[in-house]
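Because the structure is a prediction, the values reported are computed rather than measured. So that the names make sense, note that chain A is the first sequence line, chain B the second, and so on, each numbered from 1.
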Amino acid sequence: MSTLHEPAPETEGTAPMIVHDAPGSGHGERERPKPSGRLTDGLNPPQKAAVEYRGPALLIVAGAGSGKTRVLTHRIAGLIETREAWPSQILAITFTNKAAAEMRERVAALLGQASDGMWISTFHSACVRILRREAQKMGLPATFTIYDSADSRTVIKRIIKARDADTLGFTPGGVSSRISKLKNELTDDEAFARNANMGDPKEVEFLAIYRDYTRILRAAGAMDFDDLIAETVYLFRAFPDVAALYRRRFRHVLVDEYQDTNHAQYALIREFTEPVTAELSAQMQRDGLHVERLLDSTGGIPGASLTVVGDSDQSIYAFRGADIRNITEFERDFPGASVVLLEQNYRSTQNILSAANSVISNNFDRKAKNLFTTVGDGEKIVGYTGYSGHDEAQFVADEIETLHRAGMAYRDIAVFYRVNSQTRPLEEIFVRSALPYRVVGGTKFYERAEIKDAMAYLIAVANPIDELALRRILNTPKRGIGPATETALQSFAETNEISFREAMRSAGALGLGPKVTTAILALAAVLDESAAKVDPENPAGVTSVSDLLTFLVTESGLHETLRTSRDPQDETRAENVEELVAQTKDFDRENPGATLVDFLTQVSLVAAADELDDSSGTVSLMTLHTAKGLEYDAVFLTGIEEELLPHKMSTNEPGGLAEERRLFYVGITRAKKRLHLSLAMTRSQFGDTSVAMPSRYLQEIPAELIDWRQSPGMANSRGGTQPRALNARRDGRSLGPGIGGGFRDAPTPGLKPKTEWPNRITAEVRDNGDLELVAGDRIRHANFGDGRVTQVTGEGSKRVAHVQFDAAGPKKLLIKIAPIEKIA
DNA sequence: CCAGGGGCGTTTTTT
DNA sequence: ACGCCCCTGG
């Protein structure tokens, strides 16, 4: 187990010359092979410089849309093509799996060969890969479970309850975010104990909770998201010989989205790029590893070459520990570093860029950077103020239909918002308008209860000591094992110093009722049988993930219970379980030889953006955070209101307003051709409706760039006469003199201030049953008034009426639920 | 042990 | 408005 971190055998012994010249280091301008013109043609000078740079550290400051992925992929391809590096010597870290997949594809396309051997993955995937290999050293099972935030919360909730810590004001949310922050700072429970103020009872209690949490995860053989990074750092620090193996292997480390790295990730990068001492190099050589070609004059292996790409203007993850100093102080951290600035934008029109530049320039403390393009001004930005979230959504839907009729594909259109709850009105209107859409992220498939249940069965098989998983499935489906029984099992396990799972096997010794005992033993038997199926030692061979899951959901009764339940919602749940089985089938097919643990890992580490399917013919809905790194022909930024963007939670946090502004900036710069900004005058939350004000950021965009279809200055929430200045606040005070001019000045030819809302859109939904409509029918719509049906498409419950409304124009309506009736 | 009702907190963003 | 949690009565 000690020396298996070899690059693929065929690369051994023929490792290419590593050229590692820091600028000015003396032995520089030897005839180093340059990447062929093929890889630099068509690049602008700074891009070319970034591709061709050779040295210890390179920072690519890449403005939005400046072609950083292109630079990164060409840089990697160049290193391979010139034989300066083997694929196995490349480690590239991206933010999402999707970005990793894209990079892998593009590198492979450039090289005309597969990128096998390279590690191109997210921080978390790379760490899991390392940790599973080295698990034994860390005293962990190689099959350790990865706990998501919900799992952590469950554990913390139990700890708080067991300790009665809520009386001291501890909440699961508060504790989990604090623990997460500490782990991101590489402060584990013991480090925290050393610095904690033990005079403060709350601190003492928090430490106790942190310790319990650490202990419980350890005992369950589980890691949370933050552990994945931190434990890898600890692994490298505790085992220099292990670190040396990875440092020897990865000669080129490239990190994307560097502005969003937190301290632990920064420390990890440092670990990867440290040199290997002469001593350890000699040790590896004695172990039969080839190191000769890597050695420098000191007899050690120099640190890997590091390339980071980032843009501090797009730093939007401070809330989860991202430290912008990682990028701003890069040159100090890595002496000898070079910096390349990419400012030419290849994505957006000048109007969009001008708006973006103008907004972001309000953040002081930033390095000047000005995006420019040569593609011309393009269309103006379109603005719209709706009466309500539904009205805003209707605008978005109508505008999308207009774009679509003009030839834009749905998949090239995206709608962004600040918080997930904004999807509700959007979805309601989109469904009614028969607009094909997809919500990216949000409530994920894998977060559904029935899916987590089914997954817990798989986890219980893969990692039998995971008590959380076991307790989840203990009484799911209902088999009469209640909390009392659960506690009995747990204390039996504790007194006999056996695992929960073993306690289940010995259920007969607990003196429980016969029914309960039988139920526990039956479940234990199903799990044991399953474990045998995936035991690599099993002479009959290993069962595929899909067959295993089918066995589990069948034998446990989970599927059957849902299928035959009286609760109508359980029908969907049963279908979801079936969908999961289908997904495991896909997984088995696409990953021959992959194990159950591989499947569980993959599921644990999917990011919202990974779900995006470029070939889908649908409009994409997502949060501004998820949108980072993506681009669309047409972008709709919704809810550009005070308290939403900037979000009210951010306003009190230091740097919060600047971060929210960056979020707006990220949103704007996703748009290639068309940008729409919309807001509503009233916004519903928690059931009641309140007045919303235009976002302060709106006035940071020069007025001449925006074509207001309906400006905030033209209307107010009551349809009354009070003008709404942009810089008005709810309390009536102005945001200050000299900024903005309100929208009263905005040129909006042909539009008069609005006092009525003929198209006030409601959330009204109707069940029309099987209302029959044919072309020519006159109908009346609750919001749009009267109109004439021009066409009916689709079938059954998905029939869509195309209606020409007398006042509101053309719309598509889902007949089954639209608030319509047939007239004369 | 379980189903159903009432009460309450929730929503910032996510690997 | 919704979902979760706790409590009560079967």
Exercise for the section: Name the residue closer to the 5' end of DNA chain B, choosing between A:R153 and A:R320 according to the nucleotide with the nearest heavy atom. Expected result: A:R153
Practice task
Hey, which sits more toward the 5' end of DNA chain B by its nearest nucleotide, A:F95 or A:Q685?
Solution key: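 Per heavy-atom nearest nucleotide, the more 5' residue is A:Q685.
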Handout entry: Whole-Å P distance, C:dC4 and B:dT13
Key = 16 Å
Under 4.5 Å between any side-chain heavy atoms of [X] and [Y], yes or no?
X: A:I229; Y: A:F123; result: yes
X: A:Y665; Y: A:N363; result: no
X: A:T122; Y: A:F95; result: no

Problem - Reported CG-to-CZ distance for the pair A:N326 and A:R270, which is rounded to 0.5 angstrom - result: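 If I round to the nearest 0.5 Å, the distance is 10.5 Å.
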Problem - Presence of A:T626 side-chain N/O under 4.0 Å of B:dT14 phosphate oxygens OP1/OP2 - result: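 For B:dT14, OP1/OP2 do have a side-chain N/O of A:T626 under 4.0 Å.
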Practice task
May I ask you to evaluate whether A:H625 reaches the phosphate of B:dT13, defined as a side-chain N or O under 4.0 Å from OP1 or OP2?
Solution key: no
Exercise for the section: Please determine, for the side chain of A:N420, which listed nucleotide (B:dT14, B:dC1, B:dT12) has the closest atom? Expected result: B:dT14
Problem - Side chain of A:T485 - closest among B:dC1, B:dT14, B:dT12 - result: B:dC1
Practice task
Name the nucleic acid region contacted by A:E653, choosing base, sugar-phosphate or nothing; use a 4.0 angstrom heavy-atom cut-off, strictly under.
Solution key: base
Practice task
Classify the nucleic acid contact of A:S149 as base, sugar-phosphate or nothing, counting any heavy atom under 4.0 Å across all strands shown.
Solution key: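 Here A:S149 touches the bases of the nucleic acid.
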Fill in the blank from the handout: A:K98 atom NZ is separated from B:dT14 atom P, nearest whole Å, by 16 Å
Practice task
Using atom CG of A:N97 as one end and atom P of B:dT15 as the other, report the distance to the nearest whole Å.
Solution key: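 Going from A:N97 (CG) to B:dT15 (P), I get 9 Å.
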Handout entry: Ring center gap for A:Y317 and A:F319 short of 6.0 angstrom
Key = yes
Problem - Aro-ring/base stack A:Y317-B:dT14, d under 5.5 Å, angle under 30° - result: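 Stacking between A:Y317 and B:dT14: absent.
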Problem - Heavy-atom pair with the smallest gap, counting every atom of A:I360 and A:R661 - result: CA-CD, 4.4 Å
Practice task
Quick one: closest heavy-atom pair of A:G667 and A:L624, and the distance?
Solution key: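 Taking every non-hydrogen atom into account, CA-CD2, 3.7 Å.
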Check nucleotides 2-9 of chain C against the protein and report each pair of N or O atoms closer than 3.5 Å, with its distance, or say if there are none.
{"from": "C:dC5", "atom 1": "OP1", "to": "A:K157", "atom 2": "NZ", "distance (Å)": "2.7"}

Problem - Between A:E428 and A:H390: side-chain donor-acceptor atoms closer than 3.5 Å - result: yes
Name the pairs: protein N/O against N/O of nucleotides 2-5 of chain B, kept only if under 3.5 Å.
{"from": "B:dC2", "atom 1": "OP1", "to": "A:G480", "atom 2": "N", "distance (Å)": "3.4"}
{"from": "B:dC2", "atom 1": "OP2", "to": "A:N475", "atom 2": "ND2", "distance (Å)": "3.3"}

Exercise for the section: Take the angle between the ring planes of A:Y632 and A:F416 and call it parallel below 30°, perpendicular above 60°, tilted in between. Expected result: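 Aromatic pair A:Y632/A:F416 classed perpendicular.
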